[in-house]
Amino acid sequence: EDKVVQSPLSLVVHEGDTVTLNCSYEVTNFRSLLWYKQEKKAPTFLFMLTSSGIEKKSGRLSSILDKKELSSILNITATQTGDSAIYLCAVCGGSNYKLTFGKGTLLTVNP
Amino acid sequence: GAVVSQHPSRVICKSGTSVKIECRSLDFQATTMFWYRQFPKKSLMLMATSNEGSKATYEQGVEKDKFLINHASLTLSTLTVTSAHPEDSSFYICSARSDSEQYFGPGTRLTVT
């Protein structure tokens, strides 16, 4: 059975801090790893990673995949209160591109 | 990016009634759509995978007779919660696959009273 584990489950920081969120996985026929941000509604897409060692960046957010270690990290620098959300890691695998989600990391950024 | 819509966004129904939720891919054709369920403060749980023109594949523990899925066209999948009970109250989210990416609908909040 495919499995995705995220850590920490929750994190409280102050504005301006840098945070690192972790995701490890076990999946059959790995295709990609995806990061999502979820506020009040459905998740919004952040990154999709397929190759090991290549960092993807979007503003203050960046992510990297380590296929050897079966893990990924999501970094957020200079955090803002608007970054407060649940960050979900999902792994896409199998012939039907099924996504298996981790439980998420609840990030709270205090002013 | 691609757009996926869900309708309704919120529904309240009485116990014993059935509710239909629609998921549409607005600007692309989706051969595969997925239905997820999310309980408060929990992650998304895949309920079923829906392929256009064929029967849905349900995850273990999901009752196919209770959660009817129809994927009649490349842009529309429906989830019908039959004989709904309060424990079916949840946030239901669909996603549609385009190549190797999945795009999520905005979700439907179902409350069964």
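Reminder, nothing fancy here: chain letters follow the sequence lines and each chain counts from 1. Every heavy atom of this structure was used, including side-chain atoms; hydrogens, water molecules and symmetry mates were not. None of the values given here were measured: they were computed from a predicted structure.
Counting all heavy atoms, side chain and backbone alike, Phe104(B) lies closest to Pro43(A) at CB-O, 3.9 Å. Between Gly105(B) and Ala42(A), the shortest heavy-atom contact is O-CB, 2.8 Å.
When the heavy atoms of residues 98-111 of chain A are compared with those of chain B, the residues falling under 4.5 Å are Lys98(A), Leu99(A), Phe101(A), Gly102(A), Lys103(A), listed by number.
Taking hydrophobic clusters as Ile, Leu, Val, Met, Phe, Trp and Tyr residues chained together by side-chain heavy-atom distances below 4.5 Å, Ile64(A) does not share a cluster with Tyr25(A). Clustering ILVMFWY residues whenever any of their side-chain heavy atoms sit less than 4.5 angstrom apart, transitively, puts Phe45(A) in a cluster other than the one holding Ile76(A). Cluster membership check: Met47(B) does not share its hydrophobic cluster with Phe34(B), using side-chain heavy-atom separations under 4.5 Å among Ile, Leu, Val, Met, Phe, Trp and Tyr. Residues Leu44(B) and Tyr36(A) are members of one and the same hydrophobic cluster, defined by side-chain heavy-atom contacts under 4.5 angstrom among Ile, Leu, Val, Met, Phe, Trp and Tyr. Taken together through direct or relayed side-chain contacts under 4.5 Å among Ile, Leu, Val, Met, Phe, Trp and Tyr, Leu65(A) and Leu70(A) form part of one hydrophobic cluster.
Shown here is His85(B), whose NE2 atom has more than 12 heavy atoms of other residues, nucleotides or ligands within 6.0 Å. Other residues, nucleotides and ligands place no more than 12 heavy atoms under 6.0 Å from the NZ atom of Lys64(B).
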>> Between Gln60(B) and Glu1(A), does the side chain to side chain donor-acceptor pair (under 3.5 Å) criterion hold? Intermediate values first, please.
In response: CA-CA 11 Å; Gln60(B) 200 170 17; Glu1(A) 191 182 316; over 6 Å; no
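Proximity to chain A is limited to the side chain of Gln38(B), based on heavy atoms less than 4.5 angstrom apart. The contact between Ile93(B) and chain A is made entirely by side chain atoms (from C-beta outward), counting heavy-atom distances below 4.5 Å. Looking at Gln38(A), only its side chain comes within 4.5 Å of chain B, counting heavy atoms on both sides.
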